[in-house]
Amino acid sequence: MRHIISVLVENEAGALSRIAGLFSARGYNIESLTVAPTEDPSLSRMTIVTYGTEEVVEQITKQLNKLVDIVKLQDLTEGAHIERELLLIKINVSSPSATADVKRLTDIFRGKVIDVSEGCYTIELTGTGDKIDAFIKAVNPKTIVETVRSGASGIARGGRALHPFNIST
Amino acid sequence: MASETEILTGADIVVRCLEEEGVDFVFGYPGGTVLHIYDALFKRQHEPNIPHRLQHILVRHEQAATHAADGYARSTGKPGVVLVTSGPGVTNTVTGIATAYMDSIPMVIITGQVVSSLIGNDAFQEVDTVGITRPCVKHNFLVNDVKSLAITLKKAFYLATSGRPGPVLVDIPKDITAHKTAFEYPKKIDLRSYKPVTNGHPGQIRRAADLLLSAKRPMIYTGGGVILGDGSDELVELTRLLGFPITQTLMGLGSYPATDKQFIGMLGMHGTYEANMAMHECDVLLAVGARFDDRVTGDVNKFCPDAKIIHIDIDPSSISKNVKVDIPIVGGVKNVLRDMIKSLKETGKKPDDAALQQWWNQIHNWQEKNCLCYDRHCDLIKPQFVIEKLYEITKGDAYITSDVGQHQMFAAQFYKFDKPRRWINSGGLGTMGFGMPAAMGVKLAFPNETVACITGDASIQMCIQELSTCKQYDLPIKIISLNNRYMGMVRQWQEMFYDKRYSHSYVEALPDFVKLAESYGHVGMRIDKPEEVEGALREALAMKDRLVFMDIVTDQTENVFPMIAAGCGQHEMVLSPLSPPSLRKETIEEDE
Ligand SMILES: Cc1ncc(C[n+]2csc(CCOP(=O)(O)OP(=O)(O)O)c2C)c(N)n1
Ligand SMILES: [Mg+2]
């Protein structure tokens with residue numbers, strides 16, 4: 001099963017390599033990993049997308065929790081949640097009909113053309129990983145110049161939140 | 001005590017922090033990046049009337065510093081402390097750090113680093129210390145400001161000794177040891193990201209108590225966690241209260257008295273027949289501070305097929321890692337066992353006496369196979385015999401360290417440990433070279449006790465240089481080298497699984513150990529007749545103030561039995577050729 005694990009981690013040098021090292025040392029799968037600062041400068045938030053049997057994912061969360069830098073962790077997949085990923089894609093548009101096709105496709109997927117240069121469009125699209133996969137599949141592969149994906153970010157629906165306060169003293 | 005706030009250099013702060021922590025010994029080796037710290041040690045040494053004086057022990061190789069600190073920690077329960085320089089100093093410690101990590105031993109390693117401005121420049125003696133050690137420490141730090149030095153060391157000691165203990169490394173760039181700041185050592189520390197659980201869940205403990213009382217064929221299986229968590233008294237009380245059979249892992253020996261009738265021997269790869277059979281047949285298993293290591297379980301698919309399992313451990317990630325358990329209890333062993341005893345008493349119920357009687361009868365039957373038998377009439381010295389004699393002469397009261405190999409297993413099988421922290425060996429990593437330096441750490445902690453290192457002709461050569469350290473600091477340990485001219489354990493596997501192709505397991509060109517010991521200023525003895533063993537042991541042990549190196553020439557062909565070969569279940573042991581043939585399992589599978 002695919003799991004999205006959100007992690008609040010002390011903003012310390014080396015925290016990222018501890019987590020990456022844990023995954024490689026124990027042979028866990030990692031589909032994507034994103035890190036960015038939070039509103040609290042002492043904390044970073046990571047979203048890790050991983051997959052494995054229930055036993056393996058249980059071990060992953062336990063092993064992550066054991067890392068001293070990890071303040072709090074939540075397996076988003078355990079409840080209702082929202083997942084988003086950003087895609088930036090550069091597409092060749094050599095003919096007027098190709099231009100129209102790309103624009104139409106971008107509209108259907110509710111993406112945006114964010115840069116235009118001669119013969120080339122750059123499109124921005126957010127959505128679940130599935131939606132992004134579907135968009136890339138729909139584009140003529142010969143026209144794709146470059147793609148970049150952010151990896152997934154996720155947040156729980158409703159009041160459930162990943163916050164350090166209820167554990168800090 | 002630090003009265004008014006003093007302005008100190010980073011180097012002074014390191015020394016003061018160690019004093020504040022009550023550190024008795026620092027095991028170390030100097031070099032460029034720790035010179036300020038060594039200077040601070042020197043100056044402090046010459047100050048009169050300081051509240052707590054620590055002693056620096058100069059080893060001959062940094063690996064030995066970590067093993068010595070480790071031996072000190074295992075025998076005392078206090079953290080071991082190591083101080084080494086950057087680069088090669090650090091890389092030399094990695095084996096010892098990993099050894100401590102695998103067995104969850106509290107240790108603080110202070111390493112010098114090149115000056116901050118040079119980090120990342122491939123400077124002289126620079127290595128990425130936190131990177132290299134990350135996978136084998138509980139946590140590590142790179143200090144980047146002298147102001148955070150004291151608090152970082154405080155954190156290091158706290159992390160190393162709390163929860164599931166382990167080694168913690170603090171890497172200090174040289175410039176930081178020269179910078180000055182006001183020294184203040186925090187009394188307490190609180191980390192929002194680190195909250196080890198201490199008490200077990202009361203509901204789970206009650207459920208566990210009920211399950212224990214319902215058992216017909218119960219087993220208690222305990223590991224190093226009972227020793228690390230100081231839960232020995234509670235374990236004894238609980239086991240006696242229940243009247244259940246108990247077995248222990250290599251790391252757990254001593255936390256329940258081996259001479260007690262409820263103890264049925266070590267389990268696992270070289271465990272007793274009765275312990276492994278009882279594990280296989282039990283219906284309720286209480287696992288305490290043990291981690292279901294592959295050397296214990298054999299093939300996990302065949303492990304305890306009929307058992308409902310209760311597992312007490314301080315580390316949630318140890319629970320259901322290798323074997324799925326029915327009642328997990330996360331918490332400190334001591335507290336959980338105490339609450340479990342209380343819970344059992346509150347029920348007012350007793351275990352099923354009739355069932356237990358039947359179960360014990362079965363176990364006594366297994367015990368009759370006498371699985372640890374060996375040839376007592378051989379003209380050659382049998383290694384088992386040496387350990388038996390050592391046990392008799394020391395009345396089971398010595399501190400025993402060991403290296404890795406057959407001698408280690410014989411020590412575990414034949415020396416009956418009645419007290420915790422007496423049996424000191426590298427179980428998890430299996431590090432040859434551990435024994436002698438570990439014995440140094442133990443002897444420093446317990447100068448009036450007998451400390452013996454049971455070793456092999458190959459293992460002893462991995463840290464032999466420490467004979468010099470033993471001379472310098474007058475550490476009269478007893479080295480009992482079971483010299484079979486082989487890497488015996490390797491030879492045994494080659495005999496059993498590689499058709500006797502003894503590839504590179506013969507230990508050629510052995511030195512004359514007697515002369516070697518003498519050249520270091522110690523006493524050497526060579527013993528090659530069974531009838532000389534007892535006298536020689538008595539003579540060596542009587543030399544209270546001398547290190548004695550006993551080169552005991554043993555039977556090269558002896559093997560360790562019973563043995564669970566790879567891929568086999570606990571009940572599928574290979575027994576000694578001297579055991580009744582009906583019991584021997586003839587088909588053994590090939591190992592990895
Ligand atoms: C550092 C290290 N290298 C290799 C091994 C693999 N190994 C395990 S036991 C053993 C042989 C040990 O020989 P010896 O010390 O003579 O003990 P014996 O088995 O003969 O009693 C070896 C090489 C190890 N455990 N540690
Ligand atoms: Mg040998």
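Numbers restart at 1 for each chain; the letters A, B, ... are given by sequence-line order, proteins then strands.
- With rounding to the nearest 0.5 angstrom, the CG atom of Leu22(A) is 11.5 Å from the CZ atom of Arg134(B).
- Proximity to chain B involves both the backbone and the side chain of Ser42(A), based on heavy atoms less than 4.5 angstrom apart.
- The environment of CG in Leu105(A) is crowded: more than 12 heavy-atom neighbours from other residues, nucleotides or ligands sit within 6.0 Å.
- Residue-environment remark: NZ (Lys154(B)) exceeds the threshold of 12 foreign heavy atoms within 6.0 Å.
- Taking CD from Glu55(A) and CG from Asn322(B), the interatomic distance works out to 12.0 Å, rounded to the nearest 0.5 Å.
- Atom-to-atom distance recorded for Lys321(B):NZ and Lys62(A):NZ is 10.0 Å, nearest 0.5 angstrom.
- Annotation for Lys308(B): atom NZ does not count as buried by contact number, only 12 or fewer foreign heavy atoms lying within 6.0 Å.
- Residue-environment remark: CZ (Arg110(A)) stays at or below the threshold of 12 foreign heavy atoms within 6.0 Å.
- Within a 6.0 Å radius of CG in Asn121(B), more than 12 heavy atoms belonging to other residues, nucleotides or ligands are found.
- In the displayed structure, Glu184(B) atom CD is contacted under 6.0 Å by at most 12 heavy atoms of other residues, nucleotides or ligands.
- The shortest non-hydrogen separation linking Glu58(A) to Ser320(B) is OE2-CB, 4.3 Å.
- Looking at Asn140(B), both its backbone and its side chain come within 4.5 Å of chain A, counting heavy atoms on both sides.
- Both the backbone and the side chain of Ile319(B) come within contact range of chain A, judged by heavy atoms closer than 4.5 Å.
- The number of heavy-atom neighbours closer than 6.0 Å to NZ of Lys131(A), taken from other residues, nucleotides and ligands shown, is above 12.
- Note that OG of Ser193(B) is 11.0 Å distant from CG of Leu8(A), once rounded to the nearest 0.5 Å.
- Between Arg192(B) and Leu43(A), the closest side-chain pair of non-hydrogen atoms falls below 4.5 Å.
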